[in-house]
Protein chains: 4
Amino acid sequence: MPIDAADTHTVEVGYDELCGALQSRDLQALWSMQTRLMPETPAPATLPWLWKWSTVFPLAQRAGEIVTIERGGDRRVLAFANPGLGGLPYTSTTLWGALQYLGPGESAPAHRHTPSAIRFVMKGKGVYTTVDGDACEMEPGDLILTPQWTWHDHNNYGEEPMVWFDGLDLPLVATLESIFFENHPQDNQPVRGHNLSQRLVTSAPGLVEAGAASSATYSPLLRYPYADTSRALERLHAETGETLVSVAYVNPLTGGPAIPTFACQMSRLTPSERTTTVRKTGSSIYVVLHGSGCSVIDGQRFDWATGDVFVTPSWSSVDHQAKEPSDLFVISDQPVLEALHLHRTETLGQHQPVTTTFAPV
Amino acid sequence: MPIDAADTHTVEVGYDELCGALQSRDLQALWSMQTRLMPETPAPATLPWLWKWSTVFPLAQRAGEIVTIERGGDRRVLAFANPGLGGLPYTSTTLWGALQYLGPGESAPAHRHTPSAIRFVMKGKGVYTTVDGDACEMEPGDLILTPQWTWHDHNNYGEEPMVWFDGLDLPLVATLESIFFENHPQDNQPVRGHNLSQRLVTSAPGLVEAGAASSATYSPLLRYPYADTSRALERLHAETGETLVSVAYVNPLTGGPAIPTFACQMSRLTPSERTTTVRKTGSSIYVVLHGSGCSVIDGQRFDWATGDVFVTPSWSSVDHQAKEPSDLFVISDQPVLEALHLHRTETLGQHQPVTTTFAPV
Amino acid sequence: MPIDAADTHTVEVGYDELCGALQSRDLQALWSMQTRLMPETPAPATLPWLWKWSTVFPLAQRAGEIVTIERGGDRRVLAFANPGLGGLPYTSTTLWGALQYLGPGESAPAHRHTPSAIRFVMKGKGVYTTVDGDACEMEPGDLILTPQWTWHDHNNYGEEPMVWFDGLDLPLVATLESIFFENHPQDNQPVRGHNLSQRLVTSAPGLVEAGAASSATYSPLLRYPYADTSRALERLHAETGETLVSVAYVNPLTGGPAIPTFACQMSRLTPSERTTTVRKTGSSIYVVLHGSGCSVIDGQRFDWATGDVFVTPSWSSVDHQAKEPSDLFVISDQPVLEALHLHRTETLGQHQPVTTTFAPV
Amino acid sequence: MPIDAADTHTVEVGYDELCGALQSRDLQALWSMQTRLMPETPAPATLPWLWKWSTVFPLAQRAGEIVTIERGGDRRVLAFANPGLGGLPYTSTTLWGALQYLGPGESAPAHRHTPSAIRFVMKGKGVYTTVDGDACEMEPGDLILTPQWTWHDHNNYGEEPMVWFDGLDLPLVATLESIFFENHPQDNQPVRGHNLSQRLVTSAPGLVEAGAASSATYSPLLRYPYADTSRALERLHAETGETLVSVAYVNPLTGGPAIPTFACQMSRLTPSERTTTVRKTGSSIYVVLHGSGCSVIDGQRFDWATGDVFVTPSWSSVDHQAKEPSDLFVISDQPVLEALHLHRTETLGQHQPVTTTFAPV
């Protein structure tokens, strides 16, 4: 039956009735919302926001005292929930940032999920995360990958609590309605060895174990020690003299991002003038490993210090200024935007006006 | 200042107070929602749904009579709004489906935007869509691409209205907070020629103009005539004898999807038994070009006929059965899921139980 | 033992003695040959050359009468041996061109090898080449692929001889010392069906069977009928009005060359002025499917007619002029040069001087 | 004119006359040489061979005394000429290996060419190679890249001669008839800085300067210090306990080979049993940086010591045994074979018979 034969009746209604008829039939008129749907430049729901370590850590500590870790609960995690996202526990529309707290002797049981995660250690020692049998030791400033669908459990064999930053692509995978989750049959998966993944990449850039083949999906290197990162930043700063130097954590066998769905970087800021203001599509979460300073996001000034976490929305103008030498760990959804040809960036120059100062709760 | 020095105070609160303190500081406790956040298999908000042509077309026709097209309004479009998405005008969390109605003599002015679109013609003739200067003629069953950031305007020089299906990645780009939009300085952009893009790909698969280089971003072929699609399906059916045969619209210079962010396919169903039930991650929108039959989605039966539109959510079980020879055009977010390594599929076999029948409004 | 400790003696010889000592120890002094080894522009051994159909075909015919096809001999093939290559049976340093003759009722037994081959039919009918079980019918102007390590046998079930052009990457694979060869256990491999590969790519560019996955190695399409090629050229000529139009045979699932190690193209020349003279790295073999005209190669004029074959060396200046509408099939090593970043091209403009005329034997 | 009309005459000759007629017309009959052209497994012209440092170095030293470096001569280089290649100055059909000798105060003038080269330092200090303005310091065991078409000159500002191994893809590029060569207008190109390329890749694998984009053509890292390589090998050996450990020099931004046309590796052999015998397509050149031992190539034993160079042909069976801890630098054409899908490998197990011992001149 061709479509024409299906035209069986007509409707004779006025504009208001038409609108009502549309609504009741799960239809929406584009003409009433085009500008809102298609703004000239991104109009993010994500708000620029900052969480103070001095606020968050004591709460995490208290949670450590009164909330146990066990199957069903599984992880003692405080999510940085962006107040622009209507109550969702997400830091931006694509990124999940959270603080995880693991007390001495505790173990967060093994599971796996399709969202990918990174762990960036903020405080503590004596913990390892086992990733598909490889026990990755964790120290402050270290980056540990737990890529998509890899088994992982966290184990504190030391005598003090550990706090790390969890970064996940969970909001994006939730939007893609593709979350799968599975508990491991054992609380702790068997350990094949410690820091095994570092073998593959030997000890210098440009050198890999001969015959090492890359997983298409994620980096074979699972642990990026802070000592290496710090040395790299020091070298870059020494050679370029720049106020802001950054290294990207990459898959050493492909040069692509360590996790395919979000970028991980570490930036080192030296006290000086405000950096050039830039904006780009996509959101970023910053974790202050140490130091203090401020960032200006869309004209609003955010003062930060060691342990603070803040988020910059898509297309917001951003610059930074350190009061003391500072290391900022950053994750962003840039790889996804690049893959979909949606990455844009613009340089706005220096001395952009500052209009307000963010006052955290 | 190292992080330890920042631990300046402790909190001594009970569980309820802790929860309150978290909430007031834009923090959310994962332990209270882990199972909801990380279900064992996808728990989509997107509902399976169907819109009847006999309902939608008369409303579009009426809109054609009382809603003008002009700058500000721009397009006479009725969006298929999935009732599971809380009032958003989206068909699924990643895909936008809509009916566009363009009366004789009307012209929808030129603009461009970062979301990519396809136009699948359902009814009418005498219209062309100009895409970056290439006037692509439109007839029923034709697929026209207006890829990301290409200028496009629609022009009805004929004597009857045209109705087409609009498919966009708008919800995904909205989530990525990366929508840019721009009006063309002229209502109608200059036309360089008609159906120019078809030159590049000559007339048979496996043959391209020597030296033709592909845009990395999208297919250089902008118009896929139904005559070709129908012949391809006929041939596939003749050769395989299958109840369900499908062709994918691809970028002829790369073999990748015509639009990088969503797949376009046409399926031909021959009256026979229900097809094998399968499920996969990601959502799909089906447009019935002609024919009639039913689809069973997660055990619910949807009866469809010419001009109807329906949506299948991520990980829903789906099978089809035609009452008469039927052509169904389909878009899905599969390329995005594949790029992010989130594509999964499962075959459930035949004769899955049918529990309810969908009754559209 | 470090290298220094190994310096145990010195030599006290003059220049001539040094040269002698080098030679006897399998060493060669670069300083005596640098300019020859590293010329400013390519100094190919490959000569421009032409073989006349009126010479070659009668010899092939005679071979058909007195040379049988059987295991050991296997193929009745006359190789176009470039006289610049010191007696090697190669048409250029990378390409093998030859005429193959298969009489009525004859069958060339099944084998496979690592060099890839194409068959371009020049004359005859009633033959098919079976490639991994797919019997590809052959008619004049058709291109049949027998890619690397695919089983293939040729079968003449008709009543007349067939002559086709064989194009192989054999010289390149020989240089890479990577030739493997294997006879099939049966004279003729089992046939799964006829022209099966064409199913996959349906009937129009931009449309492929949904779910078709590409082999990374070679095109899944094995047969490119001349009717399609001719229609494509006609369309290109009609649309562009150019004297010289060319289509490339590509892998429809990737847009890359049909065979990864050499390019296949068909050019259509319309009688007019000489085309613009260009030169590029890499060699090409031309097969005149029909027509007549001339090509000027490095100032030397080559007159060609139906059935002739000629070769252009790397970096030679080349232009063409048709006396009548002419179709020229061409293979070249361009994909290899591109993969190794050695492809260069230069346009020399029109009316380059003609100094001599090639007089074939 | 169709091909049929061109069949104007026939030949009536016997077999011998036919053969003569073919030869005089630059045609060759495949049936007389198929087995030779298409052997069942590779039949390389390249011979396994070894050059003793104790023989070669004194000759290089003497050349240093009596052969000057200047335009026209340009480089004081002794090529390892494989005796199987009919007098060509190549070490295998694809690879060029040579010893270059640069005396104190000497400078080898700046030029560039399409063949790519590496320099592996064997002896000496106080030399840098400038590559497109980046002065790369050279010490024993260092690897320096001078990729395709990069300007390079070598400068000895020290007080002793330097000897390094030159590895080039010259034979392959010669076969592809694509050699271009150009002298720099100045004897020594301007120097922008020293060891600049190392900035980009910072100091640890998996960390790169954020925003660093890779050249598609070659590694941005031009200098690979031996200290790094040695540490990497030490680590691999410590972790695996293997007799033979190898690292590959890669482009840190892509994980691909440092030079796209040949692989560079360093192997460390620990005294133990003979390694497992393997064979693979493609040839390799070994340079003994230090140590001593033997390799068995197709059953022939080659004893080697510090400074020796040897070559293994395609598909030859190869194993090694060290008498003392030994580092062997190796180049091979494997990337080309892989790109063309011609790479094959086979493991033959241990204790393959040894039939002869190579006695160098």
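Residue numbers begin at 1 in each chain, while the letters A, B, ... track the order of the sequences. Computed from a predicted structure; not experimentally measured.
Residue contact with chain A, scored on non-hydrogen atoms closer than 4.5 Å, is absent for B/E182. Heavy atoms closer than 4.5 Å to chain A are found in both the backbone and the side chain of B/L37. Looking at A/A98, neither its backbone nor its side chain comes within 4.5 Å of chain B, counting heavy atoms on both sides. Heavy-atom distances place the side chain of B/P115, and not its backbone, under 4.5 Å from chain A. At a 4.5 Å heavy-atom cutoff, the contact between B/A45 and chain A is made by backbone and side-chain atoms alike.
With rounding to the nearest 0.5 Å, the separation of NE2 in B/H341 from OG in A/S178 is 13.5 Å.
No option in B/S283, B/S314, B/S284 other than B/S283 meets the side chain to side chain donor-acceptor pair (under 3.5 Å) test with B/S92.
Chain A forms more heavy-atom pairs under 4.5 Å with one residue of B/L172, B/T91, B/T281, B/L59 than with any other, namely B/L59. Of the listed residues (A/L78, A/D169, A/V336), the one with the most heavy-atom contacts under 4.5 Å to chain B is A/L78. Of the residues considered (A/T261, A/L337, A/D333), A/L337 shows the highest number of contacts with chain B, using heavy-atom pairs under 4.5 Å.
By the 6.0 Å and 45° rule, B/R344 does not stack over the aromatic ring of B/W315.
Taking the centre of each ring, B/H113 and B/F180 stay at or above the 6.0 Å mark.
For the residue pair B/W31 and A/A63, the shortest heavy atom distance occurs at CH2-CB, 3.7 Å.
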